[in-house]
Amino acid sequence: MVEPEVGYRLQRFIDTEPEDHMFMQVTVSGGGARAATLGYGVLEELKATRVHWDGKHERLIDDLDVLMGVSGGSMLTAAVALNGIDSLERFESDFLSATLQDDFKSRLLRPSNLWRITSPNFGRSDALERFLDQRLYRGATFGDISRTPKKPFAVIYATDMVTGGRFEFVQDQFDFLCSDLSQVKLARAVAASSAVPLVLSPITIWNHSADADEAGCGEPTVKRAAARLGVQSRRLAELDGYQEQRKGELRRPFIHLIDGGLADNVNARGAADYIAQFGSLANGAKFAGYRGLRRMVFIVVNAETSARSPEDRSPHVPGPLRTALALADIPINRNSSAALTQMRATVENWKEEVRSAHARSDYSVFAPDIQFFVIEVNLTAAGDAELSERLQAIPTTLQLTPEEVSALRQHARIQLRSSPDYQRLLQQLH
């Protein structure tokens, strides 16, 4: 049954600090261990930065509301959700310094696994799920991390293989499937988010919405709120599609998920899609539980590399694996650039909405001194072409060398500190 007060929902996590007047979101892109390490460096810098805000002296990371991750970034996101910000260093020993890729290959080639991955009911991503569950997440489910809500709220997402839309591992999405997210393992969400086509197999999710009447699921919370506001959006229409029936039968009883980067590799559309469900920034903020917002901060960790590859230096025909990866890499890189441009345009529209609200003397959601910040951390080192090329040459794998890990962490912290918008934010918070 749909119960707004329980489950893995943003509102429950935001309610843990009802007087919070800053919204901060960090999104970590895909890119294997390269992305996870770059994101780790950003979180390290936020943790080390002391600020004075709302009458408190605290670390900037304590104001982090939402951490979103896709593919490689989802591995960091799930670890933070499970262990908390204060155990961030644990990710270094569990992941950054580990030999995950070598160990996974060895496990995959065991006789006990070789016959499993040829089954239509068990694919390479299922094997990855089991491996990550044992090595990183220790059997943890979304029910475990929502039992005692604590910020940041972690969002892992994959791509719906049929529609190409974002599939988020949050209860509001699972409401449309008449399904309980609390039973789903963190490792399964990460495996789905990382399921690169042809390299890894899709992850399957059961859709129980055909039994909604019998199960007494009720109307999804988001859909009910949108109906009350008279809002229709592309995102809601996409979610409604999961409940579509033909001749009395559910059209899609099984949902197959692949790499989330194909829908949005830098998660530049996540906040906009969420707000669109409610018709306006004010309505979306109210639904999440915010009042009197003074700062809205969006930090995008973009670990994408350039389109250049070693194959371009050779006359030989690229191998099947490199060709297969290109099928995913090309749309991911092209879509991400457009998504970041669209994100900045959306924030400008939100600023105009806030100005209109203030002109009506409406300060209930947005305080008079509201400020917006959009900060991108990527693999480009300003004024250092050699470093940029070295960082962008780091491959998309599950493990890196100690030198690569050190270079990425240091670069992430330096580039975040160098961002003009980040500097502006710190000046205001000090």
Side-chain angles (χ1 to χ4, degrees), residues 29-32 35 68-75 77-78 100-101 104-105 107-109 113-133 136-137 141-142 155-170 173-174 176-181 183-210 238-239 241-244 250-265 267 270 320-332 335 396-398:
S29 78
M68 303 190 80
V70 61
S71 197
S74 72
M75 296 183 183
T77 299
L100 290 185
Q101 181 155 304
F104 177 58
K105 283 182 179 178
R107 179 170 299 195
L108 201 60
L109 293 174
N113 273 327
L114 286 175
W115 69 268
R116 278 200 187 103
I117 62 176
T118 60
S119 165
N121 299 317
F122 187 95
R124 293 181 298 279
S125 290
D126 295 290
L128 177 63
E129 174 194 345
R130 290 191 175 188
F131 175 72
L132 294 175
D133 192 45
L136 294 178
Y137 308 120
T141 66
F142 281 91
V155 180
I156 296 167
Y157 65 93
T159 298
D160 185 318
M161 194 175 76
V162 172
T163 67
R166 293 160 52 91
F167 187 97
E168 297 182 349
F169 283 82
V170 297
Q173 171 109 39
F174 275 67
F176 286 86
L177 306 180
C178 192
S179 185
D180 183 6
L181 177 62
Q183 304 301 314
V184 177
K185 289 187 174 182
L186 287 176
R188 190 158 185 81
V190 172
S193 184
S194 307
V196 179
L198 300 180
V199 178
L200 293 170
S201 56
I203 286 285
T204 302
I205 299 291
W206 271 250
N207 185 354
H208 301 289
S209 61
E238 197 174 80
L239 294 172
Y242 292 119
Q243 301 185 336
E244 184 180 340
L250 194 63
R251 189 173 67 89
R252 301 182 63 195
F254 303 98
I255 311 301
H256 302 290
L257 305 175
I258 55 177
D259 190 334
L262 289 163
D264 184 359
N265 194 46
N267 192 38
L321 178 59
R322 184 66 190 91
T323 304
L325 290 173
L327 294 175
D329 289 344
I330 292 171
I332 284 175
N335 291 341
T396 303
T397 58
L398 273 181

**OP:** Please identify each residue that fulfils side-chain hydrogen bond (donor to acceptor under 3.5 Å, both in side chains) with T141, with sequence neighbours left out.
**Re:** D144

Original post:
Counting only N and O atoms by type, is there a donor-acceptor contact under 3.5 Å from the side chain of S201 to the main-chain atoms of S125?
Top reply: yes

**OP:** Identify whether the distance between the nearest side-chain nitrogen and carboxylate oxygen of R188 and D133 falls below 4.0 Å.
**Re:** no

Original post:
How many angstroms lie between CZ in F142 and CG in L181, if you round to the nearest 0.5 Å?
Top reply: 5.0 Å

**OP:** Evaluate the side chain to side chain contact (heavy atoms under 4.5 Å, CB included) criterion for residues I255 and W206: first the C-alpha distance (whole Å), next the side-chain angles of each, then the deciding distance (0.1 Å), finally the verdict.
**Re:** CA-CA 6 Å; I255 311 301; W206 271 250; over 6 Å; no

Original post:
Less than 4.5 Å apart, any side-chain heavy atom of V155 and any of V170?
Top reply: yes

Subject >> side chain to side chain contact (heavy atoms under 4.5 Å, CB included) between V70 and N267, intermediate numbers included >> reply: CA-CA 8 Å; V70 61; N267 192 38; 5.8 Å; no

**OP:** Kindly indicate whether the side chain of T159, heavy atoms from C-beta on, has any atom under 4.5 Å from the side chain of R166.
**Re:** no

Subject >> 4.5 Å side-chain heavy-atom contact, L250 and N207 >> reply: yes

Subject >> Minimum-distance pair of heavy atoms, taken over all atoms of Y157 and S193 >> reply: O-OG, 2.8 Å

**OP:** Might you point out which heavy atoms bring A263 and G164 nearest each other, and give the distance in Å?
**Re:** CB-O, 3.6 Å

Subject >> salt bridge (Lys or Arg N to Asp or Glu O under 4.0 Å) partners of residues 193-208, not counting sequence neighbours, each pair once >> reply: none

Original post:
Can you name the nearest heavy-atom pair linking L200 to S194, along with the distance?
Top reply: CD1-O, 3.3 Å

Subject >> Set of residues satisfying side-chain hydrogen bond (donor to acceptor under 3.5 Å, both in side chains) with respect to T163, sequence neighbours excluded >> reply: none

**OP:** Determine whether D259 and P197 make a side-chain contact, defined as any pair of heavy atoms from C-beta on separated by less than 4.5 Å.
**Re:** yes

Subject >> side-chain contact (heavy atoms from CB on, under 4.5 Å) against T77, all qualifying residues, sequence neighbours excluded >> reply: L67, A154, I156

Original post:
For H256 and T204, what are the C-alpha separation, side-chain angles and deciding distance, and is it a side-chain hydrogen bond (donor to acceptor under 3.5 Å, both in side chains)?
Top reply: CA-CA 5 Å; H256 302 290; T204 302; 3.0 Å; yes

**OP:** Report the residues that fulfil ring-ring contact (aromatic ring centres under 6.0 Å, His included) with F174, sequence neighbours left out, ordered by chain and then residue number.
**Re:** F167, F169

**OP:** Specify the closest pair of heavy atoms between E129 and A187, including all atoms of both residues, with the distance to one decimal.
**Re:** O-CB, 3.4 Å

Original post:
What residues, two or more places apart in sequence or in another chain, satisfy side-chain hydrogen bond (donor to acceptor under 3.5 Å, both in side chains) together with D160?
Top reply: Y242, R252

Original post:
Residues in salt bridge (charged side-chain N to carboxylate O under 4.0 Å, His left out) with D180, at least two apart?
Top reply: none

Subject >> Any side-chain heavy-atom pair of M68 and E168 under 4.5 Å >> reply: yes

Subject >> Atom of L100, atom of L398 and distance for their closest heavy-atom approach >> reply: CB-O, 4.1 Å

Subject >> Gap between atom CE of M75 and atom CG of L186 - 0.5 Å precision >> reply: 12.5 Å

**OP:** Without swapping roles, check the side chain of S71 against the backbone of G30 for a donor-acceptor pair under 3.5 Å.
**Re:** no

Subject >> Heavy-atom side-chain proximity of L132 to F104 below 4.5 angstrom >> reply: no

Original post:
Is there side-chain contact between I258 and P202, with heavy atoms separated by less than 4.5 Å?
Top reply: yes

